[in-house]
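Just so it is clear, the structure is predicted and the values come from calculations on it, not from any experiment.
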Amino acid sequence: MKIKLNINGTNYESDVEPRMLLVDFIRDVAGLKGTHVGCETGSCGSCMVLLDGMPVKSCLMLAVQAEGKKIITVEGLSGKNGLNKVQKALSERKALQCGFCAAGFSIIGTWILDNEENVDYQKVKEDIAGVVCRCSGYDQIIKTITEVAKNE
Amino acid sequence: MKIPPNFKYIRTYTLDEYYEKANQISLPLIISGGTVAVLMLKNRLIRPEAVIDISQIPELNIVKINKDDVFIGANTKLYKLKDILPNDSASELIVKSASTVGDIAIRSMGSVGGNVCLGDPSNDLPVALTAIDAQAVIGKKDGITYLPIKNFYIKPFKTVLNKGEILLGVNYKMLNGYRTSYKKHFINFLDHYVGIVAAIAKIEENVIKDFKMAIGGEAVGKPVKFDLSEFSNVDEIKIIKERMFDYVNTMHIENNRFGTANYKKKVLYTLISRAIDEVLKL
Ligand SMILES: Cc1cc2nc3c(=O)[nH]c(=O)nc-3n(C[C@H](O)[C@H](O)[C@H](O)COP(=O)(O)OP(=O)(O)OC[C@H]3O[C@@H](n4cnc5c(N)ncnc54)[C@H](O)[C@@H]3O)c2cc1C
Ligand code: FES
Ligand code: FES
């Protein structure tokens with residue numbers, strides 16, 4: 001079936017099988033490899049993207065379900081000036097190590113920045129619960145997102 | 001990489017269209033948010049002829065707040081509940097329960113209907129909805145029926161819904177001036193909840209005016225409702241707990257991969273005890 005998805009402001013039209021997952025459309029049709037595939041069960045958050053402004057796990061969604069919605073991937077977070085505040089802070093403070101989870105934390109961190117009020121360590125800890133990092137101990141990631149949000 | 005089997009995809013825009021398609025197809029699978037449906041497809045636990053997307057049916061996307069009761073349309077996303085429900089105590093219990101589902105990305109995809117209809121004993125909303133005597137609003141080609149949520153489940157992963165039927169939403173009476181408590185215990189490596197307890201009580205001048213509790217989780221398989229309105233004195237906490245423990249002891253709880261029967265009973269005692277303290281202690 002022919003579907004058209006809007007990813008990072010660009011329309012991608014393709015003839016796909018209804019069983020194609022959103023994460024596969026993003027990576028293989030749109031060629032945006034920043035969105036990773038980890039657990040494939042909705043637990044690790046490596047495949048997280050924003051769908052109409054809300055974080056979703058693109059391995060748990062059919063591509064066809066995302067028709068008519070605005071999808072933002074990790075590539076879409078950075079603008080003309082390069083990385084956004086969360087991405088820059090995660091990088092500068094060396095909050096991540098191998099970086100496999102970077103897309104998930106950049107997406108959820110940006111959502112926290114744009115949506116949460118009275119952000120503190122505990123709130124960030126709860127909000128990032130759906131993203132797994134196998135290298136770091138989370139502490140530096142939580143502190144970084146909390147600080148960026150507090151300086152907003 | 002896990003890839004679902006082949007299926008036809010049908011997006012429906014009206015209930016009539018849904019009834020027509022669902023009755024034509026031999027094995028249809030409803031999809032709302034997809035957090036579980038897609039997972040089941042990927043693991044090939046189900047091979048439907050067609051997946052019917054109901055997310056665009058307007059009747060399923062509304063929340064109606066009437067004078068005394070509330071209707072939550074089946075497609076309502078879990079994360080939205082805290083902002084759209086009124087601030088009565090029954091709604092408070094629903095919000096408490098919904099806010100413990102997965103993480104924010106799961107709650108932003110997952111719907112009330114998906115949570116209620118899967119019949120997974122680990123699902124949260126069925127327990128809270130059972131505690132407040134909510135009703136399932138079921139749609140079928142020839143009309144609508146209302147059924148208490150506590151009668152909606154037959155066994156794990158089996159509800160009363162037949163082919164061609166659909167959950168339109170849930171309906172419940174608003175309750176004011178109650179205290180609420182929602183507790184659950186997670187088995188991390190199995191991604192399931194051993195026990196879930198939802199309690200709601202109204203106390204006026206040390207007298208218990210109303211007290212309802214439901215328990216759920218893998219220990220019991222489907223939500224069980226307790227009407228504890230016979231108790232009227234808050235000093236009876238110890239007796240109420242004993243009565244509940246006695247009841248749990250008589251339940252048929254099996255040894256399985258989620259733990260021994262003894263372990264599961266102990267989890268339930270602990271959760272029940274904490275919930276009772278939270279709603280009855282002055
Ligand atoms: C990582 C992860 C963590 C989770 N954590 C929790 C948790 O803590 N607590 C919890 O309760 N759940 C949890 N879930 C399960 C799930 O996300 C939620 O239950 C969610 O609410 C399901 O909604 P959905 O719209 O995605 O359902 P879908 O996947 O669309 O559907 C689920 C089932 O319900 C049926 N269905 C959906 N809508 C209707 C309808 N209107 N009428 C009839 N049948 C219908 C579908 O056919 C399917 O069988 C988790 C899932 C994942 C992947
Ligand atoms: S790959 Fe999607 S949550 Fe892990
Ligand atoms: S930095 Fe390696 S997984 Fe997070």
Side-chain angles (χ1 to χ4, degrees), chain A residues 1-3 16-24 27-28 36-69 103-105 107-112 115-117 123-132, chain B residues 1-13 28-56 75-80 82-83 99-111 114 186 188-192:
Chain A
M1 64 190 295
K2 268 219 161 76
I3 63 169
V16 302
E17 289 185 359
R19 62 178 172 167
M20 178 177 251
L21 301 172
L22 177 58
V23 68
D24 294 332
R27 288 177 56 85
D28 300 337
H36 291 168
V37 184
C39 66
E40 300 188 64
T41 61
S43 305
C44 76
S46 345
C47 64
M48 201 182 271
V49 298
L50 294 172
L51 191 85
D52 282 348
M54 288 304 292
V56 301
K57 307 215 167 151
S58 59
C59 71
L60 288 185
M61 197 168 210
L62 302 171
V64 59
Q65 282 180 275
E67 264 192 311
K69 316 230 186 250
F105 284 113
I107 291 280
I108 195 70
T110 305
W111 178 82
I112 292 170
N115 292 278
E116 291 285 48
E117 282 163 17
K123 197 168 227 172
V124 173
K125 192 174 166 186
E126 282 163 23
D127 282 342
I128 63 151
V131 189
V132 172
Chain B
M1 186 167 306
K2 289 180 176 164
I3 299 170
N6 265 318
F7 51 77
K8 268 188 274 178
Y9 173 84
I10 302 169
R11 188 179 289 139
T12 49
Y13 293 92
L29 174 73
I30 289 180
I31 190 170
S32 178
T35 54
V36 178
V38 172
L39 206 51
M40 291 194 298
L41 288 166
K42 279 169 45 161
N43 288 323
R44 307 215 170 190
L45 297 174
I46 179 163
R47 289 168 181 265
E49 182 190 338
V51 165
I52 306 187
D53 189 336
I54 58 166
S55 63
Q56 310 289 320
N75 284 339
T76 309
K77 300 290 187 196
L78 297 172
Y79 85 93
K80 282 195 172 158
K82 73 176 187 338
D83 296 324
S99 63
T100 68
V101 173
D103 58 271
I104 179 65
I106 296 295
R107 296 193 291 276
S108 74
M109 304 166 79
S111 66
F186 190 53
N188 213 345
F189 66 100
L190 285 174
D191 251 4
H192 280 86

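- Scanning both residues, P18(A) and Y9(B), for their nearest heavy atoms gives CB-CB, 3.5 Å.
- A pairwise comparison of heavy atoms in S108(B) and V56(A) identifies OG-CG1, 3.8 Å as the closest pair.
- Side-chain contact between L60(A) and I106(B) is present, with heavy atoms from C-beta onward closer than 4.5 Å.
- For chain A, no part of S99(B) is nearby; none of its heavy atoms comes within less than 4.5 Å.
- Interface remark: R107(B) contributes no atoms to any contact with chain A (heavy atom separation under 4.5 Å).
- If you measure heavy-atom distances from K2(B) to chain A, the contacts under 4.5 Å come from both the backbone and the side chain.
- Heavy atoms of M1(A) lying under 4.5 Å from chain B belong exclusively to its side chain.
- Summarising the local packing, NZ of K123(A) is surrounded by more than 12 heavy atoms from other residues, nucleotides or ligands at distances under 6.0 Å.
- Heavy-atom minimum distance, S32(B) versus Q65(A): O-NE2, 3.5 Å.
- Of the two parts of D53(B), only the side chain, counted from C-beta on, holds a non-hydrogen atom closer than 4.5 Å to a non-hydrogen atom of chain A.
- Of the two parts of M48(A), only the side chain, counted from C-beta on, holds a non-hydrogen atom closer than 4.5 Å to a non-hydrogen atom of chain B.
- Top candidate by heavy-atom pairs under 4.5 Å with chain B, chosen from E67(A), M20(A), E126(A), is E67(A).
- Heavy-atom distances place the side chain of I108(A), and not its backbone, under 4.5 Å from chain B.
- Counting only distance, with no hydrogens or angles, the side chain of K42(B) and the backbone of C59(A) share a donor-acceptor pair below 3.5 Å.
- L62(A) places a side-chain heavy atom less than 4.5 Å from the side chain of I31(B).
- At least one donor-acceptor pair under 3.5 Å links the side chain of R11(B) to the backbone N or O of V64(A).
- Heavy atoms closer than 4.5 Å to chain B are found in both the backbone and the side chain of E40(A).
- The shortest distance between side-chain heavy atoms of I104(B) and M54(A) falls below 4.5 Å.
- Rounding to the nearest 0.5 Å gives a distance of 6.5 Å between CD1 of I3(B) and CZ of R19(A).
- Interface remark: T35(B) contributes backbone and side-chain atoms alike to the contact with chain A (heavy atom separation under 4.5 Å).
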